[in-house]
Amino acid sequence: MGTPHNSAEPGEIARTVLMPGDPFRAEFIAKNWLTDVKLVNQIRNIYAFTGRYHDTEVTVMASGMGMPSIGIYSYELFAQYNVDDIIRIGTAGSYCDRLKLYDVVLAEGCWSESSYAATQNGDASDTKYPDQQLNQIILDAGNLANIQIKPAKIHSSDVFYRQPEMESFRDFYEKHGCECVEMESFALFHNAQVLGKRAACLLTISDSFVTREKTSAEERRSAFGSMMEAALKAAEILGKRQAAMK
């Protein structure tokens, strides 16, 4: 039996899920990297595909935009579909010179002004962290695939359009050490913490607040191959470890 947001049946979702925001990015990954692919959810056009990367079963499922959306989907995946690991694969805006267009970033932690955690279970902390073991697996996967991954603290924001009189990207960089911004990881990391699961976040820099460079919508959907390959390789490492433990 599925949920109001996910029509997949028990067993149709893999234990490792890669989670882009864009449904069409999920479709692109499934069609270009997976074999034996099955569409297991399309409620609200939030596509989920389960297939195989080499010999490893992987699900790629969109999260939609923002913390409420990824909060629903990731909670259900962890709590109702027996998912062990979710790796978010998304885009981010750079707050600093170190992170340039197309760089692949691994979140070491995310600071947020969001009320998501406080509303969900009364947790008032403003910084959430990924699973360190899962982060190391992703770094190992990047090394195996010869992909440079830059660890960084990130800003996870509830707001995409911020009024000019409010704090700027420079304030978030200087006050909180955040080197880039996205909109989902704080909720994902919180859900993993609450439910005793593992989560991580890989990002590709799609635009820069410093240089004002930006990628196109089509590039954000399909041109971030390094991030996708690193995440898939990490899923393969996880799959082999799970198989060895049986």
Side-chain angles (χ1 to χ4, degrees), residues 18-22 25 63 65-67 70 86-117 125-143 145-164 166-190 192-193 198-216 219-220 223-231 234:
L18 306 187
M19 189 159 258
D22 183 354
R25 194 182 307 142
S63 71
M65 290 191 291
M67 292 186 222
I70 198 172
I86 296 177
I87 302 173
R88 166 164 153 68
I89 43 176
T91 58
S94 174
Y95 283 168
C96 64
D97 290 323
R98 186 176 81 94
L99 301 182
K100 304 182 186 308
L101 221 62
Y102 299 109
D103 279 354
V104 180
V105 176
L106 179 64
E108 293 183 308
C110 63
W111 174 85
S112 183
E113 65 275 74
S114 172
S115 63
Y116 181 90
S125 59
D126 62 8
T127 304
K128 295 294 177 185
Y129 297 94
D131 182 87
Q132 295 305 307
Q133 184 181 15
L134 184 54
N135 265 22
Q136 187 58 56
I137 288 170
I138 292 169
L139 290 171
D140 292 342
N143 288 333
N146 199 29
I147 295 167
Q148 184 182 20
I149 296 174
K150 296 183 177 181
K153 184 179 180 181
I154 69 173
H155 175 199
S156 199
S157 179
D158 269 338
V159 177
F160 190 87
Y161 296 106
R162 191 179 301 272
Q163 291 300 97
M166 302 303 290
E167 288 185 302
S168 74
F169 73 92
R170 293 182 181 86
D171 296 312
F172 297 122
Y173 178 53
E174 292 170 2
K175 291 181 181 180
H176 304 288
C178 299
E179 294 191 83
C180 64
V181 61
E182 53 85 69
M183 301 185 69
E184 287 82 22
S185 292
F186 185 83
L188 173 62
F189 293 171
H190 176 75
Q193 175 188 326
R198 303 196 300 185
C201 175
L202 265 179
L203 301 164
T204 298
I205 299 300
S206 60
D207 58 282
S208 172
F209 286 79
V210 179
T211 66
R212 299 299 175 184
E213 296 173 287
K214 60 183 178 180
T215 57
S216 68
E219 287 174 313
R220 289 192 294 274
F224 298 157
S226 293
M227 172 180 67
M228 298 171 189
E229 289 178 18

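Treat the numbers as computed from the prediction; the structure is a model and nothing was measured. Side chains included, hydrogens not; waters and symmetry mates left out as well; all remaining heavy atoms used.
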Checklist line | Nearest non-hydrogen partners of C201 and S185, listed with the distance | finding: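 Residues C201 and S185, closest heavy atoms: SG-OG, 3.0 Å.
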Checklist line | Closest approach of D131 to L134 (non-hydrogen atoms, all atoms of both residues) | finding: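 That closest heavy-atom pairing would be OD2-N, 2.8 Å.
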Nearest 0.5 Å, what's the [atom1]-[atom2] distance between [X] and [Y]?
| X | Y | atom1 | atom2 | answer |
| --- | --- | --- | --- | --- |
| W111 | T127 | CH2 | OG1 | 8.0 Å |
| S94 | Y102 | OG | OH | 14.0 Å |
| Y129 | C110 | OH | SG | 9.0 Å |
| H190 | I70 | NE2 | CD1 | 13.0 Å |
| D103 | I205 | CG | CD1 | 6.5 Å |
| F172 | K153 | CZ | NZ | 12.0 Å |

Check: Take atom OH in Y173; do more than 12 heavy atoms of anything else shown fall under 6.0 Å from it?
Finding: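 Result for OH/Y173: open.
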Check: Between M228 and R25, is a side chain to side chain contact (heavy atoms under 4.5 Å, CB included) present by the stated rule, with each step listed?
Finding: CA-CA 10 Å; M228 298 171 189; R25 194 182 307 142; 3.8 Å; yes
Next item on the list: May I ask you to check whether Y95 and H155 show a side-chain donor-acceptor distance below 3.5 Å?
Entry: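 Yes, side-chain donor-acceptor contact under 3.5 Å.
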Next item on the list: Assess the side chains of S156 and E182: does a donor N or O sit below 3.5 Å from an acceptor N or O?
Entry: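 There is such a pair (donor and acceptor under 3.5 Å, judged by atom type) between the side chains of S156 and E182.
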Next item on the list: Would you mind telling me which of L106, N143, I147 makes a side chain to side chain contact (heavy atoms under 4.5 Å, CB included) with I138?
Entry: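 Of all the options given, the one that passes is L106.
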Check: Under the criterion side chain to side chain contact (heavy atoms under 4.5 Å, CB included), which of L99, T91, I154 is the partner of L203?
Finding: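 When L99, T91, I154 are each tested with L203, the side chain to side chain contact (heavy atoms under 4.5 Å, CB included) holds only for I154.
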Margin query: So that I can tick it off, tell me whether K175 and E167 are bridged by a salt bridge, with the cut-off set at under 4.0 angstrom between side-chain N and carboxylate O.
Written below: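 Salt bridge flag = yes for K175 with E167.
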Could you tell me whether the side chain of [X] and the main chain of [Y] form a donor-acceptor pair under 3.5 Å?
| X | Y | answer |
| --- | --- | --- |
| T215 | S206 | yes |
| E184 | G66 | yes |
| D158 | E113 | no |

Next item on the list: Apply side chain to side chain contact (heavy atoms under 4.5 Å, CB included) to the pair M67 and S112, showing each step before the final yes or no.
Entry: CA-CA 11 Å; M67 292 186 222; S112 183; 3.5 Å; yes
Checklist line | Side-chain heavy atoms of S226 within contact of T204, under 4.5 Å | finding: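 Result no, sub-4.5 Å side-chain heavy-atom pair not found.
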Checklist line | Full working for side chain to side chain contact (heavy atoms under 4.5 Å, CB included) between V104 and F224 | finding: CA-CA 9 Å; V104 180; F224 298 157; over 6 Å; no
